[in-house]
Amino acid sequence: MEKQILKLSHVTREFELKSGEKLRAVTDVSLSVGQGEFVFVAGESGCGKSTLVKMAALLEPVTQGRILFEGEDVTGLRGKGLRQYRRQVQIVLQDPENVCAPRMKVGRFLMEPWINFERKSRKEARDMALYSLERVGLSEEFFHRYPHQLSGGQLQRVSIARAIALHPRLLICDEATSALDVSVQRQILELLKEHQRETGYGVLFICHDLAVAEALGTRVAVMYLGRVVEIMELKEGESLKKMARHPYTKALLASTLSVQDDPEEPWRIISGEPPSPVRIPKGCGFCERCVERMERCQKERPELGQVGGGHWVACFKGRESAAAENAPFHD
C-alpha cells in the first residue's frame, strides 16, 4: 500500500434511543485508505455506510475506537485542529441541497475556500471558481445562479467542484454520483480519477453500484448490519464475481442489473430483511437470509479472516472454500 492517509481502527458508533435501548449503526470496523487509493464501501441501505464515512469526516463522534490521519490520532479533534482537518479531508454528501446556502450564489460558494484558506484575491478566487465549473462540465453562466436555479445533478457537480478545489489529502464521497445522469456520472467519476492521479489524494467512496467499484476501485469493503463482512483488493484481470467469498457479496453482485444480462436468466434476490440493529443476533447477522448457512452460523459470529493476498472475509463457509481451493494437490 502507498502511504497511509486514513485509518479507522475498531470504530463503533452507538445511538441511544428514547426507550433506553442502544442502536449500533457501526460495530468494530477497521479500514484504511492509502495515498492514491480509491476505496469503495458497498452494502444495502441502512448497513452503516454513511455513518462510517461521517465518522471519518469527524461529522459524527466515535463511541469506541480511533481515527488516525497520517499517523496522528484525530478522534476528538476540536477548534483550530478540526478546521485544518476539514481543509485536508473534504466530503461530498448524497444531498447537495444541504451543503449550499440558499441565498449564496454558486460563484461565491466556490470562491470561499480560496479566499478563506489560501488568502487569494477575489479576482484570483473568481478565476479558479470558473475553472472549477468548467472541469465539472458547467458553463460560466452557472457562476451567477442561486442553488434553487440548478437541478440536483448540476448542484452535485458544484459540490464536487468545491470539494476538490483545495486539493485535499482525502476525498470522502457519500453516494456522490447517485443524483447524476449515467453519462454525467461517468464524466464525474473520470474527473475524480484524473484529479486523483494529478494530486495523489485518497478517496473513500460510498457506492451501491459494484460495477463502478470494480472499474475504478483499488479495494472494496462490503458492509452488512454495521460490520465489514468482506474486503477485496482489486487485481488486474480478476472480477469481483470471481473473487467474492461472502454469500452477501455474491448476492449483491448477482442483483446488479446490466444490459448484457441474459433476459431469460432468473434474478437472484436476497430474501427477508436485515435484523434490527437494536437487537443484533448472537451468530452471523446474515444467517437467516443466507442460502449457504450452517448450524454453526446461528451460534457463532465469524470474524474477518484473511483468505488471500489483500482479501478478508467474515464467513465460515467462505473461509473453508478458500482454504480448500488453496490447498496443495496430492495424487
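What you are looking at is a predicted structure, and each value in this text was computed from that prediction instead of being measured.
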Nearest heavy-atom contact between A221 and V228 is CB-CG1, 4.3 Å

task = Check step by step if salt bridge (Lys or Arg N to Asp or Glu O under 4.0 Å) holds for R296 and E300.
result = CA-CA 6 Å; R296 181 184 182 186; E300 298 177 50; 3.3 Å; yes

Practice problem: Could you state whether V307 and L234 fall into the same hydrophobic cluster, counting links through intermediate Ile, Leu, Val, Met, Phe, Trp or Tyr residues with side-chain heavy atoms under 4.5 angstrom apart? | Solution: no

Check your understanding: So H10 and Q64, side-chain contact (heavy atoms from CB on, under 4.5 Å) or not? Walk me through it.
Key -> CA-CA 7 Å; H10 301 286; Q64 294 174 19; over 6 Å; no

Check your understanding: So, do R279 and E21 sit near enough that their side-chain heavy atoms are less than 4.5 Å apart?
Key -> yes

Are V62 and L23 in one and the same hydrophobic cluster, where Ile, Leu, Val, Met, Phe, Trp and Tyr link if side-chain heavy atoms are under 4.5 Å apart?
-> no

- Using the rule that two of Ile, Leu, Val, Met, Phe, Trp, Tyr join whenever any of their side-chain heavy atoms come within less than 4.5 Å, decide whether V33 and L304 are in one cluster. yes

Smallest heavy-atom separation, C287 atom then Q298 atom, equals SG-CG, 3.4 Å

query: Are side-chain heavy atoms of P274 and C47 found at a separation under 4.5 Å?
result: no

Are M232 and F40 connected in a single hydrophobic cluster, I mean Ile/Leu/Val/Met/Phe/Trp/Tyr linked by side-chain heavy atoms less than 4.5 Å apart? yes

For M55 and T12, the nearest pair of non-hydrogen atoms, with its separation, is SD-O, 4.2 Å

field: 4.5 Å side-chain heavy-atom contact, R319 and R245
entry: no

Checklist entry - Counting N and O atoms only, with roles assigned by atom type, does the side chain of E60 sit under 3.5 Å from a partner on the main chain of L52, one being a donor and the other an acceptor? => result no

- So H246 and F286, would you call those rings parallel, tilted or perpendicular, with 30° and 60° as cut-offs? tilted

(Q) Within a 6.0 Å radius of atom CD on E273, are there more than 12 heavy atoms belonging to other residues, nucleotides or ligands? (A) no

Working for side-chain contact (heavy atoms from CB on, under 4.5 Å), residues L68 and D73:
CA-CA 4 Å; L68 304 176; D73 192 337; 3.8 Å; yes

Of all heavy-atom pairs linking H311 and M243, the shortest is CE1-O, 2.9 Å

Original post:
Take atom NZ in K235; do more than 12 heavy atoms of anything else shown fall under 6.0 Å from it?
Top reply: yes

Report task. Please indicate whether R108 has more than 12 foreign heavy atoms, meaning atoms of other residues, nucleotides or ligands, lying under 6.0 Å from its CZ. Result -> no

CD1 of I172 to CZ of F205, rounded to nearest 0.5 Å, is 12.5 Å

For this session: Look at the side chain of E214 and the backbone N and O of L240, then say whether any donor-acceptor pair between them is shorter than 3.5 Å.
Result: yes

* Asked: Given V106 and Y146, is the side-chain contact (heavy atoms from CB on, under 4.5 Å) satisfied, shown in steps?
  -> CA-CA 6 Å; V106 166; Y146 287 97; over 6 Å; no

For Y248 and E230, does a side-chain donor sit closer than 3.5 Å to a side-chain acceptor?
no

Rounded to the nearest 0.5 angstrom, the NE2-CZ distance for H195 and R135 is 5.0 Å

Next on the checklist: Quick one, V203 and L192 - any side-chain contact, counting heavy atoms below 4.5 Å?
Outcome noted: no

Considering only heavy atoms from C-beta outward, does the side chain of R227 approach that of R301 to under 4.5 Å? yes

One should read off an interatomic distance between R293 CZ and K317 NZ, to the nearest 0.5 angstrom, of 11.5 Å

Next on the checklist: Are L170 and L82 linked, directly or through intermediate hydrophobic residues, by side-chain heavy-atom contacts shorter than 4.5 Å (ILVMFWY only)?
Outcome noted: yes

CG of L133 to CZ of R157, rounded to nearest 0.5 Å, is 10.0 Å

Polar side-chain atom of Q156 near backbone of L93 as donor-acceptor pair, under 3.5 Å
yes

Atom NZ of K193: over 12 foreign heavy atoms under 6.0 Å = yes

When every non-hydrogen atom of A163 is compared with those of L171, the smallest separation belongs to CB-CD1, 3.8 Å

Is the number of heavy atoms from other residues, nucleotides or ligands within 6.0 Å of CD (E141) greater than 12?
yes

Grouping ILVMFWY residues whenever side-chain heavy atoms fall under 4.5 Å, the cluster of Y131 otherwise contains none

Using modelled atom types only, decide if a donor and an acceptor are shared between the side chain of K49 and the backbone of M223 within a distance under 3.5 Å.
no

Any side-chain heavy-atom pair from L31 and V41 closer than 4.5 angstrom? yes

Show your working on side-chain contact (heavy atoms from CB on, under 4.5 Å) between E70 and K3 and close with a plain yes or no. CA-CA 8 Å; E70 296 188 325; K3 179 183 176 183; 4.1 Å; yes

Are the side chain of R219 and the backbone N or O of S32 linked by a donor-acceptor pair below 3.5 Å? yes

CZ of R145 to CD of Q154, rounded to nearest 0.5 Å, is 6.5 Å

Taken to the nearest 0.5 Å, the spacing of K105 NZ from F143 CZ works out to 9.0 Å

Inset, instruction - Kindly indicate whether the side chain of Y201, heavy atoms from C-beta on, has any atom under 4.5 Å from the side chain of I164. - result: yes

Between E14 and R24, is the salt bridge (Lys or Arg N to Asp or Glu O under 4.0 Å) condition met? List the steps. CA-CA 4 Å; E14 288 183 343; R24 279 203 165 188; 2.8 Å; yes

Is a side-chain N or O of R86 found less than 3.5 angstrom from the main chain of L58, in a donor-acceptor match? yes

Say whether, by atom type as modelled, one donor and one acceptor occur between the side chain of Q306 and the main chain of G308 under 3.5 angstrom. yes

So do V158 and F142 actually touch side chain to side chain, heavy atoms under 4.5 Å?
-> no

Closest heavy-atom pair, P302 versus C284, reported as atoms and distance to 0.1 Å, is CD-CB, 3.8 Å

Query raised in the report: Is there a donor-acceptor contact under 3.5 Å from the side chain of S9 to the main chain of G65?
Result: no

